[in-house]
Amino acid sequence: MADVDGYQNSNRSLVKPTSSLTPEYLCLAGAYGTVFIVGVTGNVVLLLASALSRKLQTRTSYLIVSLSVSDLLVCVVQPLQVVSMLVRNSTALPKVLCQLTAALDIISIGSSVITMMLIAVNRCVLIIKPRHTYNRIFSSRKLVVMVTISWLYPAAVLVLPQLIGHGRLGYNALTRVCICDFTHKNSNTFVYLVICSSSIAFGVTFFSYWLIFRRVKRRALKSKSRSMPTEKSCRRHTELAITKNLLCVVCCFVLCVSPFMGVFLAIPFLKGPALHRVLRVMPHVSLPLVLDSCLNPFIYGWKHPHFRVVMACVLRRRWRDIPRPSRLLARILDYNTGDRQTPQGISVTKSYEAQSEKLTTDINDM
């Protein structure tokens with residue numbers, strides 16, 4: 001284990017303050033800027049789709065919306081990270097703003113990890129357990145509690161150690177971004193907490209999808225020996241299509257987070273020049289991590305059987321083509337037609353609301 005007190009001063013001496021813009025960091029800044037533009041656009045479209053169609057307002061959508069919000073926050077703070085990266089000075093951003101940037105980045109990514117785990121467990125229970133068990137475990141009220149915990153836990157892991165003097169947030173001259181100060185004498189406490197929490201979350205995620213794979217394989221063998229009613233077969237096909245789409249999201253996240261986690265795992269065991277060299281690549285390995293935040297909307301738009309249709313309507317601004325419009329969309333359409341106060345307008349609104357209530361999707365129509 002590294003003796004942080006011993007290498008703190010040596011690390012600082014290895015960093016030469018400069019504001020020169022090297023091609024390496026200019027390219028990184030351009031990449032992070034692209035993540036900001038694409039990620040904000042994609043996640044806003046995804047959130048709009050969830051708000052405007054009742055077809056997407058299902059139980060699993062609680063988790064998808066939470067994941068999209070965390071991705072959106074990660075993308076929003078990237079311009080501030082670009083400023084600190086290019087200027088390479090602790091005064092590039094005000095101290096409080098730099099700490100807020102680091103906190104939003106860390107909490108949002110932590111929430112994403114927990115939400116991925118909850119999505120995997122959600123699909124696992126849906127596939128391998130009876131319907132009444134799924135309804136009991138993933139009721140709307142319990143899902144709200146789960147989403148709340150997915151945000152409060154990473155916030156607690158970040159804040160509580162700092163309150164007792166274990167680590168701090170701010171500009172780090174070694175990494176050139178606003179993040180945890182790894183030169184602090186007790187910074188390893190935060191590193192260990194993140195490693196333990198992430199290991200548990202990824203373990204539960206992989207185990208859940210392994211159970212899904214085993215159940216799907218058994219069902220495939222049984223379906224060869226007997227026929228299945230068309231309606232039930234169609235429902236299972238939809239369940240599997242949605243589960244495969246969410247598996248793609250999880251796999252993409254794991255691939256993007258792996259380089260960063262490799263560097264993060266090495267930090268407690270390094271000191272002096274070795275630690276300096278590892279922390280210097282932190283902005284490079286963080287790029288795939290934040291890149292994942294703008295990839296998820298494309299995965300939903302490309303593979304998800306329901307999000308694909310609604311997101312296409314949002315991008316083309318074909319609001320009336322959105323299937324199963326929500327009450328919000330019905331009222332907006334009614335307002336734009338100028339019929340809001342007329343009997344005809346009232347009947348249009350009621351018809352939309354009746355359609356939404358009648359065709360409210362069940363847990364499989366994500």
Side-chain angles (χ1 to χ4, degrees), residues 1-29 31-32 35 74 77-78 80-93 95 98-110 113 154 157-158 161-162 165-198 256-292:
M1 183 186 301
D3 184 359
V4 184
D5 289 322
Y7 64 71
Q8 182 174 1
N9 293 329
S10 62
N11 285 337
R12 289 175 178 171
S13 65
L14 288 169
V15 180
K16 297 179 180 180
T18 177
S19 60
S20 59
L21 304 180
T22 63
E24 174 187 2
Y25 282 94
L26 284 175
C27 291
L28 276 176
Y32 279 98
V35 168
V74 170
V77 301
Q78 293 316 306
L80 299 176
Q81 297 285 30
V82 168
V83 171
S84 64
M85 186 189 307
L86 293 180
V87 177
R88 199 181 184 184
N89 193 315
S90 59
T91 61
L93 295 175
K95 183 178 179 180
C98 188
Q99 290 175 337
L100 179 61
T101 299
L104 283 176
D105 230 342
I106 294 171
I107 292 174
S108 299
I109 293 173
V113 173
V157 169
L158 180 67
Q162 295 183 66
H166 288 256
R168 65 188 175 197
L169 296 179
Y171 178 80
N172 191 302
L174 296 172
T175 60
R176 296 181 65 159
V177 293
C178 295
I179 197 172
C180 178
D181 186 0
F182 296 106
T183 62
H184 191 274
K185 62 180 180 179
N186 293 322
S187 63
N188 283 351
T189 301
F190 172 71
V191 175
Y192 292 144
L193 285 173
V194 171
I195 291 173
C196 292
S197 302
S198 300
C256 290
V257 78
S258 294
F260 178 85
M261 288 303 297
V263 171
F264 206 72
L265 287 169
I267 289 175
F269 306 98
L270 300 175
K271 60 182 179 180
L275 178 67
H276 172 259
R277 286 192 295 270
V278 168
L279 291 182
R280 190 177 180 276
V281 303
M282 186 70 77
H284 301 73
V285 297
S286 297
L287 181 58
L289 182 62
V290 300
L291 179 64
D292 178 74

Can you check whether Leu287's main-chain N or O pairs, donor with acceptor, with Tyr32's side chain at less than 3.5 Å?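 Yes, because the side chain of Tyr32 sits within donor-acceptor range (under 3.5 Å) of the backbone of Leu287.
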
Would you say the side-chain atoms of Gln81 pair up with the backbone N or O of Val77, donor to acceptor, closer than 3.5 Å? no

Indicate yes or no: at least one non-hydrogen side-chain atom of [X] is less than 4.5 angstrom from one of [Y].
X      : Y      : result
Pro283 : Leu28  : yes
Leu158 : Ile107 : yes
Glu24  : His284 : yes
Leu193 : Pro161 : yes
Leu26  : Leu86  : yes
Met282 : Phe260 : yes
Ile179 : Asp105 : no

Given the rule in the side-chain contact (heavy atoms from CB on, under 4.5 Å) test, do Cys98 and Lys95 qualify, once you have shown the distances and angles that lead to the verdict? CA-CA 5 Å; Cys98 188; Lys95 183 178 179 180; 5.8 Å; no

What's the spacing between [X] [atom1] and [Y] [atom2] if we round to 0.5 Å?
X      : Y      : atom1 : atom2 : value
Phe264 : Leu279 : CZ    : CG    : 10.0 Å
Ser286 : Leu291 : OG    : CG    : 12.0 Å
Thr101 : Gln78  : OG1   : CD    : 9.5 Å

Over all heavy atoms of both residues, which pair between [X] and [Y] is shortest? Give the atoms and the distance, please.
X      : Y      : result
Cys256 : Pro288 : CB-O, 3.1 Å
Val35  : Val290 : CG1-O, 3.5 Å
Tyr25  : Arg280 : OH-O, 3.8 Å
Arg176 : Met85  : NH2-O, 2.9 Å
Cys178 : Ala102 : O-CB, 3.5 Å

Start with the C-alpha distance between Val257 and Ile109, add both sets of side-chain angles, then the distance that settles side-chain contact (heavy atoms from CB on, under 4.5 Å), and finish with yes or no. CA-CA 10 Å; Val257 78; Ile109 293 173; 5.5 Å; no

Could you walk me through whether Val191 and Ile195 pass side-chain contact (heavy atoms from CB on, under 4.5 Å), step by step? CA-CA 6 Å; Val191 175; Ile195 291 173; 3.7 Å; yes

